[in-house]
Amino acid sequence: MVELETVLDVLAESLDGAAQIHQMTEEAPLLGAIPELDSMAIVGIITSIEERFGIVFDDDELDAEVFETVGTLRDQIVAKMEN
Amino acid sequence: MYTTEYQYIQASQKSQIFLARYLPAGHEASPDKVKAVILVPPFAEEMNRSKRMYVLCARLLANAGIHVICFDYSGTGDSSGEWGQFSYQDWINDLKAVYEYALKTTADVDFIALRFGALLLTDAILGKFVNANKCIFWDPLESGEVLTRQLVRMKIAAAMADNSKKISSQEVMQSIRDAGYLESAGYHITQAMFDEISTKKLADNISNLLAVVSVHWMTSGKFKVGENKWLANSFKSDDLNSELAEKSISMHPVNDVKFWMQQEVTISPKLLQLTKQVCVND
């Protein structure tokens with residue numbers, strides 16, 4: 001189980017300037033909706049996820065769909081942890 | 001109150017290094033009694049995003065009585081030359097030149113290094129290009145491969161963020177081979193620099209490093225009480241932990257943002273205060 005709050009903590013590390021990260025729900029959109037989510041922030045989030053959850057993404061698994069919403073990002077983490 | 005001086009020093013035949021010196025009150029009267037701290041820059045875009053923190057750190061330490069020296073690697077910032085003209089070893093030579101400049105006034109020199117800077121500083125110390133009493137690492141890279149992988153991923157992520165066609169890591173690597181460089185955030189990173197950085201290891205050298213210098217390893221992030229996720233991967237092995245317990249390393253979690261990653265200029269007040277405490281009291 002990956003708590004929503006933990007995912008939001010990871011997002012907050014990389015998106016300090018973005019508004020109200022900790023108010024986000026699972027349906028909250030990410031890519032295209034948060035101006036601060038640039039390529040460096042995306043990579044920072046992926047790296048933080050790998051460190052926190054002890055998983056490693058294959059570079060080619062990185063896809064816009066993963067960053068569609070907070071929920072899709074959490075689903076991807078859960079899927080990697082179950083593999 | 002500190003004063004600031006800007007100057008150039010000749011690091012090699014092909015480059016002049018830009019220095020910003022932050023001189024504490026009273027430095028002129030007895031410079032040999034004033035400790036010096038050299039701030040070692042990170043890499044590429046992280047360099048831009050950390051400029052403000054470096055200036056604030058320099059001012060804070062200078063006001064606490066320390067002579068602080070900031071510099072730009074050859075081909076970056078206000079130093080002479082262009083990106084791509086210089087190698088990793090050239091940048092180690094830059095650091096050596098800045099260190100020798102600091103030695104003109106004091107033998108007591110410490111270093112603060114962020115990310116890639118920690119990797120380069122480790123090589124400079126182990127290669128005996130510089131001597132240090134103490135190093136403060138801010139979110140150090142445990143290997144160069146972490147950085148080069150990040151650069152490749154940034155190309156993939158940029159395509160995602162622009163809603164462009166998805167590109168694979170193999171395509172990014174092929175484009176580096178074809179062009180001879182990787183363009184990242186406006187920087188042309190040559191294939192030679194990319195390949196060289198990929199081979200660098202801080203984690204593998206940590207025991208050797210601690211044999212000659214004490215290290216304060218500061219990791220920033222949003223941590224919960226009791227959580228140990230901040231601990232660098234290098235220190236998760238019990239064997240290494242018991243070995244390092246005998247040595248001079250202090251690990252510090254800093255519950256604050258990773259400022260070097262933020263699109264907007266961001267500072268980390270907790271990291272600054274901890275750094276000042278370590279520099280002044282330790």
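Since the model is a prediction, treat every value here as computed from it, not as a measurement. Convention: sequence-line order gives letters A, B, ...; per-chain numbering from 1.
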inquiry  = Working note: B/Ser220 + A/Glu13, criterion side chain to side chain contact (heavy atoms under 4.5 Å, CB included); need CA distance, chi angles, decisive distance, verdict.
reply    = CA-CA 9 Å; B/Ser220 53; A/Glu13 277 181 1; over 6 Å; no
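Closest non-hydrogen pair, B/Ala161 versus A/Ile42, comes out as CB-CD1, 4.3 Å. Smallest separation of non-hydrogen atoms from B/Gln170 and A/Asp60: OE1-OD2, 3.1 Å. Residues B/Val257 and A/Ala12 approach most closely at CG1-O, 4.5 Å, considering heavy atoms. Taking both residues in full, the closest heavy atoms of B/Ala158 and A/Ser39 are given as N-CB, 3.6 Å, listed atom of the first, atom of the second, then distance.
Note on B/Arg149 versus A/Asp59: salt bridge recorded, some NZ/NE/NH1/NH2 to OD/OE distance being below 4.0 Å.
Interface remark: A/Glu65 contributes no atoms to any contact with chain B (heavy atom separation under 4.5 Å). Heavy atoms closer than 4.5 Å to chain B are found in the side chain of A/Phe67, but not in its backbone. With a threshold of 4.5 angstrom between heavy atoms, A/Leu31 approaches chain B through side-chain atoms but not through N, CA, C or O.
Going from atom CE of B/Met160 over to atom CG of A/Asp63 covers 6.5 Å, rounded to the nearest 0.5 Å.
Counting only distance, with no hydrogens or angles, the side chain of B/Lys258 and the backbone of A/Ser48 share no donor-acceptor pair below 3.5 Å.
Of residues 68-82 of chain A, no residue lies under 4.5 Å from chain B by any heavy-atom pair.
At most 12 non-hydrogen atoms from other residues, nucleotides or ligands lie less than 6.0 angstrom from CD of B/Glu145.
Qualifying salt bridge (charged side-chain N to carboxylate O under 4.0 Å, His left out) partners for A/Asp38, counting only residues two or more places apart in sequence or in other chains: B/Arg49. Residues meeting the side chain to side chain contact (heavy atoms under 4.5 Å, CB included) test with B/Ala113, sequence neighbours left out: B/Val40, B/Ala118, B/Leu121, B/Phe137.
The greatest number of non-hydrogen atom pairs below 4.5 Å with chain B, out of A/Leu37, A/Ile46, A/Leu62, is found for A/Leu62. Note: B/Met154 leads B/Met154, B/Gln150, B/Lys155 in heavy-atom pairs under 4.5 Å with chain A.
Among residues at least two apart or in separate chains, ring pair (Phe, Tyr, Trp, His ring centres under 6.0 Å) pairs with a member in residues 144-187 of chain B are B/Trp83-B/Tyr187, B/Tyr181-B/His188.
With A/Met40 as the partner, the side-chain contact (heavy atoms from CB on, under 4.5 Å) test is satisfied by one option alone out of B/Gln263, B/Arg153, B/Glu46: B/Glu46.
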